[in-house]
Amino acid sequence: MSHHGMYFQHGIYAMCQNDTEHEGRFGRIFSKLNGNYNKPQDLTALGVKGGPMDGGRGRNATNTIPMGFVFLGQFIDHDITLDTTSGLDRVNDPNAIQNFRTPALDLDCIYGAGPEASNFLYRNGMYLLTGEDGSAYGGQANNHRENDLVRTSTGTAIIGDPRNDENRIISQLQLAFIRFHNHVVDHIINEKSLSNNDLRRGSLRKEVYEEARELVTWHYHWIILHEFLPLIVGNPLVNKILGQGRQFYTPKKAFIPIEFSAAAYRFGHSLAPQKLKVQKSQNRDFDLFGRALGFGFSPISDDKQIVEWETLFDVDAGAPAQRTDKLDTKLPSDLLELPFITEGEKSLATRNLLRGQSFLLPSGEVVASFVGVTQAEIDKVLLHIRNNIGTIDLSNGIPLWFYILAEAECIGRDDGNISSPGEGLGLVGGTIVCETLIGLMEMDGMSFLSRNRNWTPSLNPTGNFTMADLLTF
Ligand code: HEM
């Protein structure tokens, strides 16, 4: 097993040196704290299949987090860590380059560089293409094509971010966002009673597109603030950061903190399921990466693979969706042997641990005391870890990602009067995740948090808006 073969994410190399507070899109929140070091053998032993982080092939579900939020979480990650900047440099559109250099929750994974620079994603300058518009890919049954992304003749998805075809669910979530945008376009056209004749004007189509994009993005931000974050970090922390301001992630210009991308936000790898079902009538679960659901980066090829969203989000009040796996130190077995990595380290856990170390992340306990966690609580987490790692030596310090998972497992989400172990992040993980996501929105000149903090969702008469609303709009 060669770690030299591991690929490195473009753009974050610079973070391997201690002297940069930020380099382009990436930076540090805790630039004053020293990097931790563990022997690579110990990190490999921690992340190996069959080791202490192997959650096996079964289910150990949360009570509160609908399964779909695993994939929304992954989708959000891809939205902000998208690194096509270098690719976009080749497009001669300075405005687009400017925009894409700003890390923001701007749905560039859906919109690409917009209808002009990325016209291959669009129809009529307003609508985003779906499989229904016709794929170059032959050999797909009609009902499969109509429930899939638009694809090239070899089956590659034509989307703003290729990673959103990585598994069977995220590709259909990508499609759901695309359809949501298209429905919002129709909604605007209806509301303004625009005729086909009116819409011959390119400038009007552009206006409709831009209004739709803003509405979609603002409703998406609302979901992150008022549904996703409360589930992942708890309402008290969200309200504290919104109400009293960020304490740690306070740059003048937005960047992606390496503590977020190489550690805290990788919490989602623990929520992911080994198996799930995607249709109400399915009477058994299928492996997320298995023959029935398929391996991702491939066209829908079986009726079984078509997602019914009520199995993943609470769309139907009477029949709650499946729940995610617990937020703990365990990952599903299959993620410790990723099927799509052909060369180098296959364990996602080991990759995360080595990655964090290569970026000189401080240890979990050092960050914990810096953000104000009590020594008693830190000791509780450390004892819990010691009891669970056998002879693995982490005495120098606990890797930040692993600490955050252990904190979630034995302390958990702050729900006000109680904390809920296994249901969400504790204070270290929660602070990094919540300050980063809220910070990215507050520093984004296009968001409602920066343009109109009193905005409420306009696409739903109740004034609230959830994933269930987005999927049924
Ligand atoms: C569901 C199945 C998932 C798979 C198979 C998967 C796989 C991966 C892989 C292979 C990497 C690159 C690891 C490396 O070499 O450093 C990665 C990175 C990452 N993943 Fe996941 N992931 C999944 C879900 C999630 C979820 C649910 C979240 C968060 C809620 C998440 C957050 C991240 C983050 C933040 C990174 C680093 C991205 C960057 O810095 O560019 N992932 N994931």
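None of the values given here were measured: they were computed from a predicted structure. Whatever order the structure lists ligands and atoms in, that order sets their numbers, starting from 1. Residues take their numbers from the sequence shown, with the count starting at 1.
Listed for the K275 side chain is no donor-acceptor partner under 3.5 Å among the backbone atoms of D285. No donor-acceptor distance shorter than 3.5 angstrom exists from the side chain of R246 to the backbone of T436, with no hydrogens or angles considered.
Contact annotation for L271 and ligand 1: no heavy atom of the residue comes within less than 4.0 Å of the ligand. When non-hydrogen atoms are compared, ligand 1 lies under 4.0 Å from the side chain of L348 (C-beta onward) but not from its backbone.
One finds a salt bridge joining E310 and K280 here, because a Lys/Arg side-chain nitrogen approaches an Asp/Glu carboxylate oxygen to under 4.0 Å.
Every N/O-N/O distance between Y265 and ligand 1 stays at or above 3.5 Å. For the pair R163 and ligand 1, the shortest N or O to N or O distance does not fall below 3.5 Å. Residue contacts with ligand 1: E166 is placed with no nitrogen or oxygen under 3.5 Å of a nitrogen or oxygen of the ligand (distance criterion only).
In the vicinity of L335, heavy-atom distances shorter than 4.0 Å reach the ligand 1 atoms 5 (C). Residue F289 has at least one heavy-atom neighbour below 4.0 Å for each of these atoms of ligand 1: 5 (C). In summary, the atoms of ligand 1 found under 4.0 Å from a heavy atom of R355, numbered by their order in the structure, are 14 (C), 15 (O), 16 (O).
The closest heavy-atom contact to atom 36 (C) of ligand 1, among the options R351, E345, K346, R266, comes from R266. Across the listed options N352, T350, D77, D77 owns the non-hydrogen atom lying nearest to atom 33 (C) of ligand 1.
H219 has its ring centre no less than 6.0 Å from the ring centre of F473. The aromatic ring centres of F313 and F69 sit less than 6.0 Å apart.
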Please output the side-chain donor-acceptor pairs of residues 169-179 that fall under 3.5 Å, not counting sequence neighbours, one pair per line with the distance.
| from | atom 1 | to | atom 2 | distance (Å) |
| --- | --- | --- | --- | --- |
| S171 | OG | R168 | O | 3.2 |
| Q172 | OE1 | V307 | N | 2.8 |
| Q172 | NE2 | R168 | O | 3.1 |
| Q172 | NE2 | Q305 | O | 2.7 |
| Q174 | OE1 | N164 | ND2 | 2.8 |
| Q174 | NE2 | C109 | O | 3.0 |
| R179 | NH2 | E146 | O | 2.7 |

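Identified under the ring pair (Phe, Tyr, Trp, His ring centres under 6.0 Å) test for residues 27-52, with sequence neighbours left out: F30-F370.
For H144 and D303, the side-chain atoms include at least one donor-acceptor pair closer than 3.5 Å.
When distances from atom 21 (Fe) of ligand 1 to the N, O or S atoms of H269 are compared, NE2 comes out shortest.
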